[in-house]
Amino acid sequence: MRHKQRKRHHWLWKTLLGLFLLAGGGYWLWWQIGSRPIHARTYRNTHVVTVFVPGYASNSLTFGPMVSRFQKDRATNQVTTINVSATGKRTVTGAKRYDGKNPLINVVFADAKSPIKETQQLTALLHWLRTEHRVTRINLVGHSMGSNLSFRYLTTKHTDAQPQVIKYVSLASEFYRDPATQLAQFPKSVKTLIIGGQIFGAKGDWAVSLAGVKRYEQALKTAGISTSLYIYRGTPIGAYHSSLHQNPYVDAKILQFLFA
């Protein structure tokens, strides 16, 4: 009896190990195929600083890996992380200058569940970059609520000095209220890329609906804003809400939009 149980347990562990190796191999292959166009591409120096704005309950891992990948693929040679405390104090790590090839700034909010406060802190941060570091042009890349923060920043009239926004990437976000009034304030010169995810058999990325993403893209177009749409469809490994910023196909679209 014990011998049969040992054989059964041994078979079970071998099966689980085989499934784990198969899944790992599939993920590796998916990543390699998706990354191939990124490695083959050359990225021009736009002389524009790109600011990454994370979403609700975010941390440094939201955009940190993506920023590191962009550096590894030679799209940039300057990466900075700016941690913003609950009181607005900034701690800067990495590059202290923003004059290299396509400088990237990964913003991390300590109080990442307070959108109004975060919008104010983002506005103050961009004013600081404009006045203290002479950053005159930026791109904004926002995930989920971070896209909403970026949209709110873009549609607010600022009384202090701010950089000019050149491009805006909205990743995995939709707007639950009609944005028509705010869109009247959206700068018409800003080029926009809307990215969404759809898990096979689902209506979106399990957090944001595909219909909502498409409505937002259509609202921007209706307002006369240059907009393109990319939908990644696949398994939760790549199409889930928080997986979209760890996805080589999404990386490729963002890099092409910003720097190709």
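We use all heavy atoms of the structure for the numbers below, so side chains are in, but hydrogens, waters and symmetry mates are not.
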Determine whether the side chains of [X] and [Y] contain a donor N or O and an acceptor N or O closer than 3.5 Å.
X      : Y      : answer
Gln246 : Asp251 : no
Ser58  : His143 : no
Asp73  : Gln71  : no
Gln198 : Arg233 : yes
Thr156 : Gln185 : no
Ser147 : Tyr168 : yes
Thr50  : Asn139 : yes

Determine yes or no for a side-chain-to-main-chain donor-acceptor pair under 3.5 angstrom, with [X] supplying the side chain and [Y] the backbone.
X      : Y      : answer
Thr62  : Pro54  : no
His241 : Ala207 : no
His158 : Tyr153 : yes
Asn102 : Ala75  : yes
Ser144 : Gly146 : no

Which atom of [X] lies closest to which atom of [Y], heavy atoms considered:
X      : Y      : answer
Ala239 : Asp205 : O-CB, 3.2 Å
His245 : Ser242 : CE1-O, 3.2 Å
Leu244 : Gly196 : CD1-C, 4.2 Å
Pro248 : Ser35  : CB-OG, 3.6 Å

Distance check, rounded to the nearest 0.5 Å: [X] atom [atom1] versus [Y] atom [atom2]?
X      : Y      : atom1 : atom2 : answer
Ile166 : Leu258 : CD1   : CG    : 11.5 Å
Lys253 : Tyr230 : NZ    : OH    : 6.0 Å
Ser150 : Ile138 : OG    : CD1   : 8.5 Å
Asp111 : Lys117 : CG    : NZ    : 4.0 Å
Tyr240 : Ile199 : OH    : CD1   : 8.0 Å
Arg97  : Thr80  : CZ    : OG1   : 11.5 Å

Do [X] and [Y] belong together in a cluster built from hydrophobic side chains that touch within less than 4.5 Å?
X      : Y      : result
Ile82  : Val108 : no
Tyr56  : Leu171 : no
Ile254 : Ile33  : yes
Met145 : Trp206 : no
Leu29  : Val250 : yes

Minimum side-chain heavy-atom gap [X]-[Y] below 4.5 Å:
X      : Y      : result
Asn247 : Trp31  : no
Ile38  : Tyr249 : no
Leu229 : Glu217 : yes
Val141 : Val53  : no
Lys167 : Thr46  : no
Phe109 : Leu122 : yes
Val49  : Ile105 : yes
Val107 : Leu125 : yes

| message | Is it the case that atom NZ in Lys96 sees more than 12 heavy atoms from other parts of the structure closer than 6.0 Å? | response | yes
| Heavy atoms of other groups near Arg74 CZ, more than 12 under 6.0 Å | no
| field | Geometric cation-pi criterion, Lys191 with Phe257: 6.0 Å, 45° | value | no
| task | Decide ring-ring contact (aromatic ring centres under 6.0 Å, His included) for Phe70 and Phe259; before the verdict, give the C-alpha distance in whole Å, the side-chain angles of both, and the deciding distance to 0.1 Å. | result | CA-CA 11 Å; Phe70 287 3; Phe259 309 128; 7.1 Å; no
| request: Evaluate side chain to side chain contact (heavy atoms under 4.5 Å, CB included) for Val169 paired with Leu140, printing each intermediate quantity in order. | output: CA-CA 6 Å; Val169 178; Leu140 289 173; over 6 Å; no
| field | Test log, rule side chain to side chain donor-acceptor pair (under 3.5 Å), inputs Ser60 and Asn106 | value | CA-CA 8 Å; Ser60 62; Asn106 180 28; over 6 Å; no
| field | Candidates Thr136, Val51, Leu126 - the one meeting side-chain contact (heavy atoms from CB on, under 4.5 Å) with Pro163 | value | Leu126
